[in-house]
Amino acid sequence: MDKINAFDAIYQVVREIPSGRVTTYGAIAAYLGMKGGARMVGWAMNASHTLADIPAHRVVNRNGVLTGKNFFGGNRMEMLLAEEGIRVQDDQIIHFKQHFWDPSAELA
DNA sequence: CGAGTGACGTGAT
DNA sequence: CATCACGCCACTC
């Protein structure tokens, strides 16, 4: 069926994240209407980890903290962000608000 | 079938 | 302002 599952939507949004920009689980959840299901977004990211072309490293919690960096297999997440010009310190993105990319505002 | 867990978020103390 | 506790949705034991 052509029904777009919430999962596909999540992957779609994550793929649309421009380089040097980051978003939050809650932002994606809210964009999909799952405001209270931020956890599910993270769970979807976990599944995306088995897929390809899913820059989940650009998705962080609302605090700008690399909560799932451990799932990337070490500091790969921090490295990727650094390559995009995003400064990370103590597993936290500096000027996170400045790099924040809101799908509801930019993608919508 | 019921309880517990999880890459989170918001509210209350 | 910082910390604790609860709630959401889906999945696993």
Side-chain angles (χ1 to χ4, degrees):
Chain A
M1 290 304 235
D2 298 280
K3 278 193 297 191
I4 302 179
N5 294 335
F7 267 55
D8 280 350
I10 293 170
Y11 300 141
Q12 185 67 38
V13 173
V14 174
R15 276 194 210 167
E16 288 296 306
I17 300 174
S19 179
R21 290 275 193 264
V22 288
T23 188
T24 70
Y25 304 97
I28 296 172
Y31 176 67
L32 299 176
M34 293 188 276
K35 187 177 179 187
R39 286 188 148 151
M40 199 184 2
V41 178
W43 177 74
M45 292 287 97
N46 194 350
S48 82
H49 157 36
T50 63
L51 300 173
D53 300 329
I54 307 294
H57 64 271
R58 290 182 185 153
V59 185
V60 295
N61 67 353
R62 100 100 195 160
N63 232 351
V65 180
L66 309 180
T67 43
K69 98 158 192 188
N70 198 3
F71 284 71
F72 273 73
N75 50 353
R76 192 179 318 186
M77 188 174 186
E78 182 178 335
M79 183 183 71
L80 290 169
L81 290 172
E83 284 295 303
E84 300 192 354
I86 297 176
R87 196 73 60 113
V88 178
Q89 185 168 41
D90 190 34
D91 297 342
Q92 190 173 244
I93 297 175
I94 302 177
H95 303 290
F96 166 67
K97 185 176 170 189
Q98 188 177 342
H99 294 295
F100 179 64
W101 179 80
D102 187 349
S104 265
E106 305 291 327
L107 179 62

ask   = N61(A) near the nucleic acid: base, sugar-phosphate alone, or nothing, with a heavy-atom cut-off under 4.0 Å?
value = sugar-phosphate
inquiry  = Quick check on DNA chain B: between V59(A) and K35(A), whose nearest nucleotide comes earlier from the 5' end?
reply    = V59(A)
task = Using whole Å, report how far CE of M34(A) lies from P of dG9(B).
result = 13 Å
query = To the nearest Å, how far apart are Y25(A) OH and dG9(B) C1'?
reply = 13 Å
query = Is M77(A) close to V60(A) at the side-chain level, that is, under 4.5 Å between some pair of heavy atoms?
reply = yes
Pairwise side-chain contact, I93(A) with R87(A), heavy-atom cut-off 4.5 Å (strictly under) = no
key: Minimum-distance nucleotide (side-chain atoms of R62(A) versus dA10(C), dT10(B), dA7(B))   = dT10(B)
ask   = Closest approach of M45(A) and A56(A), non-hydrogen atoms and distance?
value = SD-CB, 3.9 Å
ask   = Where do D53(A) and R15(A) land on the salt bridge (Lys or Arg N to Asp or Glu O under 4.0 Å) test, with the steps shown first?
value = CA-CA 7 Å; D53(A) 300 329; R15(A) 276 194 210 167; 5.7 Å; no
query = Going by an N to O cut-off under 4.0 Å, is there a salt bridge joining R58(A) and E84(A)?
reply = yes
message = When you compare the side chain of F96(A) with that of I86(A), does any pair of heavy atoms fall below 4.5 Å?
response = no
request  = For E78(A) and dA7(B), give me the distance from atom CD to atom P, rounded to whole Å.
outcome  = 19 Å
ask   = In whole angstrom, what separates I10(A)'s CD1 from dA10(C)'s P?
value = 11 Å
remark   = Of the listed dA7(B), dA10(C), dG9(B), the closest approach to the N46(A) side chain comes from dA7(B)
remark   = Correct closest heavy-atom pair for Y31(A) and L107(A) would be OH-CD2, 3.9 Å
task = Could you check how far CG of L32(A) sits from C1' of dC9(C), rounded to whole Å?
result = 13 Å
inquiry  = What is the separation between atom CD1 on I28(A) and atom C1' on dG9(B), rounded to the nearest whole Å?
reply    = 14 Å
query = Between dG9(B) atom C1' and F96(A) atom CZ, what is the distance in whole Å?
reply = 13 Å
remark   = With both pairing distances under 3.5 angstrom for Watson-Crick or G-U wobble, and | for a partner in another strand, the correct string for DNA chain B is .|||||.||||||
inquiry  = Heavy atoms only, 4.0 Å cut-off, all strands: where does M40(A) land among base, sugar-phosphate and nothing?
reply    = sugar-phosphate
